[in-house]
Amino acid sequence: MSTNVTKTLSGEDLFKNVISHAKEYGYIFPSSEIYDGLSAVYDYGQYGAELKKNIREYWWKSMVQMHENIVGIDSAIFMHPTTWKASGHVDAFNDPLIDNKDSKKRYRADVLIEDHVSKILAKADKEIAKARERFGEAFDENQYKATNARVKEYLDKAEEINTRFKNALEENDLAEVKQIIEDLEIVCPVSGSKNWTDVRQFNLMFSTEMGSTAEGASTIYLRPETAQGIFVNFLNVQKTGRMKIPFGIAQTGKAFRNEIVARQFIFRMREFEQMEMQFFVRPGEEMTWYNHWKETRMKWHLSLGLGKTKYRFHDHLKLAHYANAACDIEFEFPFGFKELEGIHSRTDFDLKAHEQHSGKKLQYFDPELNQSYVPYVVETSVGLDRMFLAVMSSAYKEEQLEDGSSRVVLSFPPILAPIKAAVMPLTKKDGLPEKAREILDNLKFEFNCQYDEKDAIGKRYRRQDAIGTPFCITVDHQTLEDNTVTIRYRDTMIQERIAIALLRDLIANEVSLRKLLS
Ligand code: ATP
């Protein structure tokens, strides 16, 4: 057993190191870097593209292939402009923004307030944790919250701010939002001052023109979510696929938002990718399905083994105009718990709105009830890039090894690793490279593999550790005699001798959907 020690990195250090590792090893580059980059836009490099594709594929297979009643589509990014009128995005897809006059930095007013509330709740959590330690088994958290004066004060304060903020948003009272920021004495983290501008609403959609002549051209939008491409195709898919309610339509694809504050690497980008599934159900049954999908999606996240304590649910304080229930699955990123996926009960809002704006019926005839209705919808929506960041930042480890040396390893779940196996001849002569290529040529039909013969074997192992390859296969002189190789496991660094004939099954088992999902 290895006694390697993993260095504990704090949030900010970890985040910094993940970002530079992602760049150095071909995972993520700033967009158009030779021109000094473009704010909040990133490119995925040779390994990043593979990791991203594997995450997308894992999602697609779990959602579409594993569910008889879910099918996938691929709708266009450009849509008829009325789509966005109907969906409410033209009128209501806004974020409240505020500027600090001294630092000239721009913030989302809602985020400033939410962060302030989080800090208060963190104080309460700290007291609760201390008490739990003191009282041990006998600790009753609810009673403690209700009776401990200090904790109660924190919780009441948080509740009071939340209620006030919720009311302000519901009444679209931006002066009140500013007043809350002033009353809470929130300061700009950069300038430290409370010198704020008024709060303004800012629409997040990018627009462009379609058509060649000035008169004939019309304004169209880059889609801010993939969901609407599903809604407008609801009947096409239902009829051609003979789908029976309840059923789902899934899709993955690019979405665009002109985010006000985009400072957290690929967490918040202006061009990003979503993986969404809209599940159509009978009116009145939406809460059952909402709870079903909450549970199913959490299980999916846990199946990746990044750690149970890294996830939590967060119920929405203010429901979007289309929802009657909504929550986020939050993940503990290096900068704290933040939204990874949203699960929303969207009612019949979208289909009804498209009926009204298009004049076409978007209804389902339910043979069991012998009646037609506009289905209700439960949505699961996860950001592919945020999944990427969750996987990458959990996988990144700096280890101190027994022999005094150190390594950086990306301990990806094997199913997501960009390269599954590296095949290496111990030396460049005596027929070892030929034998190694023969093994690679056999494995490459099923797995993305790499051949590497440069440098000493230890250095090659480090290189594979740094890109997260779960298996290294080394060909030596014994291989030529008995058709066995050394296989080295990334995480434990254990090496064992196995027959070449067993390699395929061994790798296949480790990267199989069956192993993770059943
Ligand atoms: P946030 O509150 O962080 O702005 P949101 O609630 O607006 O997110 P949704 O509209 O629910 O996000 O979008 C669904 C998912 O799409 C999110 O859970 C997130 O993973 C992803 N997503 C949304 N905006 C971005 C972005 N700017 N960059 C990367 N991923 C995003």
Side-chain angles (χ1 to χ4, degrees), residues 28 31 38-44 48 52 55-56 59 84 87-89 92-97 107-115 117-118 165 169 202-206 222-230 250-278 290 293-294 297-298 300-301 311-323 325-333 335-346 349-350 377-393:
I28 298 170
S31 155
L38 183 66
S39 167
V41 186
Y42 291 91
D43 296 339
Y44 288 86
K52 200 173 166 201
I55 298 173
R56 189 191 296 112
W59 181 88
W84 306 110
S87 69
H89 283 82
F93 194 52
N94 302 318
D95 274 342
L97 69 82
Y107 298 90
R108 267 173 62 177
D110 53 334
V111 173
L112 286 179
I113 295 171
E114 279 161 14
D115 284 352
V117 171
S118 295
F165 179 46
L169 286 185
F202 177 78
N203 193 291
L204 301 183
M205 280 199 295
F206 283 102
L222 296 183
R223 67 179 177 198
E225 61 176 28
T226 59
Q228 298 305 324
I230 294 178
Q251 102 161 313
T252 69
K254 286 279 173 106
F256 306 82
R257 295 182 188 179
N258 199 359
E259 297 281 0
I260 297 170
V261 180
R263 296 192 196 116
Q264 277 162 326
F265 193 39
I266 57 168
F267 179 81
R268 190 174 298 287
M269 299 196 287
R270 297 207 161 98
E271 172 179 344
F272 58 100
E273 196 164 334
Q274 290 185 313
M275 306 190 285
E276 298 199 304
M277 193 276 298
Q278 310 294 328
Y290 172 70
W293 281 110
K294 263 177 85 169
R297 291 302 303 149
M298 185 58 106
W300 181 84
H301 286 287
Y311 301 87
R312 69 181 188 198
F313 283 113
H314 169 79
D315 288 322
H316 280 201
L317 202 61
K318 178 188 178 258
L319 293 175
H321 56 278
Y322 51 74
C327 71
D328 298 332
I329 293 177
E330 292 188 338
F331 184 80
E332 192 176 14
F333 290 97
F335 39 84
F337 273 97
K338 293 271 182 243
E339 172 175 349
L340 173 62
E341 168 154 7
I343 297 157
H344 312 124
S345 173
R346 295 183 76 124
F349 174 86
D350 301 274
V377 173
V378 174
E379 160 183 84
T380 72
S381 174
V382 55
L384 176 49
D385 313 271
R386 285 191 192 177
M387 270 304 296
F388 189 110
L389 185 58
V391 169
M392 187 97 185
S393 56

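Every number for a ligand or one of its atoms is a count from 1 in the order of the listing. These numbers come from the heavy atoms of this one structure, side chains and all, not from hydrogens, waters or symmetry mates. Since this is a predicted model, take the numbers as computed values, not measurements.
Against a heavy-atom cut-off of under 4.0 Å, Phe267 is close to the following atoms of ligand 1: 28 (N), 29 (C), 30 (N). Against a heavy-atom cut-off of under 4.0 Å, Arg108 is close to the following atoms of ligand 1: 4 (O). Ligand-side atoms of ligand 1 in range of Glu341: 18 (O), range being under 4.0 angstrom from any heavy atom. Taking a cut-off of under 4.0 Å to the non-hydrogen atoms of Met269, the atoms of ligand 1 that pass are 26 (C), 27 (N), 28 (N), 29 (C). Shown in contact with Gly342 at under 4.0 Å from a heavy atom are these atoms of ligand 1, numbered in order with element: 18 (O). Close approach of ligand 1 to Glu259 is summarised as follows: ligand atoms under 4.0 Å from at least one heavy atom of the residue are 24 (N), 26 (C), 27 (N).
Residue contacts with ligand 1: Arg268 is included, with a non-hydrogen atom under 4.0 Å away.
Looking only at protein heavy atoms, the nearest one to atom 10 (O) of ligand 1 is Arg257 NH2, 3.0 Å. Atom 14 (C) of ligand 1 has Ser381 OG, 3.0 Å as its closest protein atom, hydrogens excluded (heavy atom only). Closest protein heavy atom to atom 8 (O) of ligand 1: Glu339 OE1, 3.5 Å. Atom 19 (C) of ligand 1 has Arg386 NH1, 3.5 Å as its closest protein atom, hydrogens excluded (heavy atom only).
Proximity of Glu225 to Gln274: side-chain heavy atoms (C-beta onward) are separated by under 4.5 Å at one or more points.
Ring orientation note: the planes of Phe206 and Phe256 are nearly perpendicular, at an angle over 60° on the 30°/60° scale. In this structure, Phe331 and Phe333 have perpendicular ring planes: the angle between them is above 60°, well past the 30° mark.
With a heavy-atom cut-off of 4.0 Å, Leu340 touches ligand 1 through its backbone alone. Contact annotation: for His344 versus ligand 1, heavy atoms closer than 4.0 Å belong to the side chain alone.
Judged purely by distance below 3.5 Å, without hydrogens or angles, the side chains of His89 and Gln228 never pair a donor atom with an acceptor atom. A donor-acceptor contact under 3.5 angstrom links the side chains of Thr226 and Glu276, judged on distance only.
Considering backbone and side-chain atoms alike, Asp385 places every N or O at 3.5 Å or more from each N or O of ligand 1. In terms of polar-atom proximity, Gly383 is counted as a contact of ligand 1, with an N or O under 3.5 Å from an N or O of the ligand. Here's the thing with Gln274: one of its N/O atoms is less than 3.5 angstrom from an N/O atom of ligand 1.
Stacking of Arg297 on the aromatic ring of Trp300 is recorded, both the 6.0 Å distance cut-off and the 45° axial limit being met. Within the cation-pi definition used here (under 6.0 Å to the ring centroid, within 45° of the axis), Lys338 does not qualify as a partner of Phe267.
The nearest pair of heavy atoms linking Lys294 to Ile343 is CA-CD1, 3.8 Å.
Taking all heavy atoms of Phe388, Phe272, Phe93, Phe331 into account, the minimum distance to atom 31 (C) of ligand 1 is reached by Phe272.
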